[in-house]
Amino acid sequence: GTGERLVFARELELSHDEARVVARELVDLVRAELASMRQEIALSRHVDAYQPGGALPAELQPLAGALASASVPVALRTLLLDQARECADLESAVDSMKLHLAASIASLEQADRFEGVHVFAGPTGAGKTQMLFRLASRHIAQFGAGSVAVLSFADTRIGAWTQIQMLGARLGVDCFRVTGEELLGPMLDELQPRKLILIDTPGSGFSERLSSIQRCAPRARFNLVVPADVSGSSLARFVPHPSVSWHSVMVSKLDEPAHLWPLIQALCNHSVPLSLSSASGAAESSASVLTSSDIVRSAFDSLELPVKATVKVRAVRKPATRTRRDTRHAA
């Protein structure tokens with residue numbers, strides 16, 4: 001009918017506006033990536049000219065090469081090598097680095113308990129919607145589907161609402177679409193009896209949307225969802241953020257081959273705790289608790305370190321059992 005055509009035209013207009021915002025943010029991201037690369041190159045030249053603490057021992061040279069091949073940020077690589085410089089061998093150096101990094105990254109206490117209003121934000125394509133429903137699946141297993149509600153807030157992307165409806169139908173979760181700030185407050189008041197309310201947001205124009213949510217729900221907690229291969233310049237858009245105090249960081253696509261070092265550097269520099277992770281499987285599968293030790297171990301597992309040679313122990317032949325006849329001849 002005429003009403004449906006008007007709604008579709010309005011959504012199409014909003015999608016065009018969304019496309020312009022995405023294009024502008026993409027250009028800004030490319031510029032930030034180029035600036036970050038120039039900064040890394042300049043810093044790398046300074047590090048090559050000056051090695052703090054003296055030359056690296058020959059036993060640790062393979063580790064330095066592996067860190068460089070993995071594109072570990074220069075500042076983090078220099079800090080790690082200086083930390084392990086006094087180690088006697090490669091294995092102890094790696095252990096020292098792991099302990100140092102794990103102690104520098106925060107982990108959310110009781111990451112398996114989410115209650116109240118939680119907002120999911122992050123770059124486009126990070127897997128926010130799937131992470132949201134994985135957390136919902138984890139909560140449903142404990143408290144039932146009636147304790148959870150999912151809101152899609154100001155997301156004008158074509159197909160985004162359809163995806164939420166499909167995922168919600170699989171879990172039996174009530175899903176609601178809120179187009180603007182004027183409807184968000186009344187909707188949250190109506191859903192107040194729910195134990196957990198999850199709000200999904202688009203990746204573009206996130207600052208304005210998060211500000212609207214803060215005005216309607218001052219006690220809402222904001223969770224940053226990033227893929228395992230997120231770049232440093234993409235992270236810089238979100239961490240640190242002038243108006244948002246992040247409740248936790250969630251890492252998606254952790255099963256895919258990726259270099260986690262830009263994310264590790266950001267977590268070391270800013271005290272934002274890790275909470276959950278997910279693989280690239282089915283969206284309704286549950287999320288897993290992620291600790292600092294987990295993400296550090298995954299990062300070092302991807303390094304191309306020399307395999308420690310195993311010493312082959314020569315088997316000692318057991319003396320032959322002497323028979324009574326042999327004993328008689330020996331006598």
Side-chain angles (χ1 to χ4, degrees), residues 7-33 35 114 116-133 135 149-165 175-192 197-227 230-250 252 266 270 272 275:
V7 171
F8 177 77
R10 176 58 178 166
E11 289 184 350
L12 190 60
E13 180 182 353
L14 291 174
S15 65
H16 288 164
D17 295 338
E18 188 82 14
R20 285 192 291 269
V21 173
V22 171
R24 185 170 63 251
E25 291 182 349
L26 183 59
V27 171
D28 294 339
L29 181 61
V30 171
R31 290 176 177 173
E33 287 283 355
F114 277 76
V117 180
H118 283 267
V119 183
F120 286 67
T124 302
K128 296 182 293 295
T129 303
Q130 291 189 344
M131 181 69 77
L132 181 150
F133 278 98
L135 175 58
V150 174
L151 299 183
S152 173
F153 179 66
D155 194 346
T156 58
R157 295 173 301 164
I158 296 177
W161 172 237
T162 303
Q163 181 189 16
I164 289 179
Q165 287 179 307
C175 300
F176 305 90
R177 188 181 189 185
V178 181
T179 57
E181 180 180 347
E182 65 281 357
L183 300 176
L184 181 60
M187 179 61 71
L188 291 176
D189 291 338
E190 184 177 347
L191 296 174
Q192 191 174 5
I197 301 174
L198 305 174
I199 302 179
D200 191 23
T201 62
S204 59
F206 78 99
S207 295
E208 296 79 5
R209 290 171 171 84
L210 296 188
S211 298
S212 299
I213 296 174
Q214 285 177 325
R215 287 190 291 267
C216 297
R219 296 184 178 180
R221 296 178 178 179
F222 296 86
N223 301 275
L224 177 63
V225 182
V226 295
V230 63
S231 64
S233 56
S234 181
L235 276 170
R237 296 176 52 218
F238 300 91
V239 179
H241 195 275
S243 60
V244 177
S245 177
W246 296 108
H247 177 66
S248 73
V249 172
M250 303 178 179
S252 63
H270 308 286
V272 184
S275 60

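Keep in mind that what you see is a predicted model, and the values were worked out from it rather than measured. All heavy atoms count here, side chains included; hydrogens, waters and symmetry mates do not.
- Among residues two or more places apart in sequence or in another chain, the side chain to side chain donor-acceptor pair (under 3.5 Å) test is passed with His118 by Asn223.
- Atom-to-atom distance recorded for Met187:CE and Leu151:CG is 6.5 Å, nearest 0.5 angstrom.
- The shortest heavy-atom contact between Phe120 and Leu135 is CZ-CD2, 3.6 Å.
- Residues passing the side chain to side chain contact (heavy atoms under 4.5 Å, CB included) test with Ala266, sequence neighbours excluded: Leu235.
- Of the possible donor and acceptor atoms, one in the side chain of Gln214 sits under 3.5 Å from a partner among the backbone N and O of Ser243.
- Taking the side chain to side chain contact (heavy atoms under 4.5 Å, CB included) definition, one finds that Ser212 meets it with Phe153, Glu181, Arg215, sequence neighbours left out.
- With rounding to the nearest 0.5 angstrom, the CG atom of Leu198 is 14.5 Å from the NZ atom of Lys128.
- A donor-acceptor pair under 3.5 Å is formed between the side chain of Arg209 and the backbone N or O of Ala154.
- The distance from atom CG of Asp155 to atom CG of Asp200, rounded to the nearest 0.5 Å, is 6.5 Å.
- Take Ser275 and apply the side chain to side chain contact (heavy atoms under 4.5 Å, CB included) test, not counting sequence neighbours, and it matches Leu108, Ala111, Phe114, Ser248, Met250.
- Ser152 contributes atom OG, which lies 9.5 Å from atom CD of Gln165 (distance to the nearest 0.5 angstrom).
- Atom OG1 in Thr201 sits 9.0 Å away from atom CZ in Phe222 (nearest 0.5 Å).
- Of all heavy-atom pairs spanning Trp246 and Val272, the tightest one is CB-CG1, 3.7 Å.
- For Gln192, the CD atom counts as loosely surrounded, since its 6.0 Å shell holds 12 or fewer non-hydrogen atoms of other residues, nucleotides or ligands.
- In this structure, CZ on Phe176 lies 11.0 Å from CG on Leu188, to the nearest 0.5 angstrom.
- In summary, of the residues considered (Ser234, Ser231, Ser204), a side-chain contact (heavy atoms from CB on, under 4.5 Å) with Pro123 occurs for Ser234 alone.
- Scanning for ring-ring contact (aromatic ring centres under 6.0 Å, His included) contacts around Phe238 gives Phe206, with sequence neighbours left out.
- Looking at residues two or more places apart in sequence or on another chain, you find a side chain to side chain donor-acceptor pair (under 3.5 Å) between Ser207 and His241.
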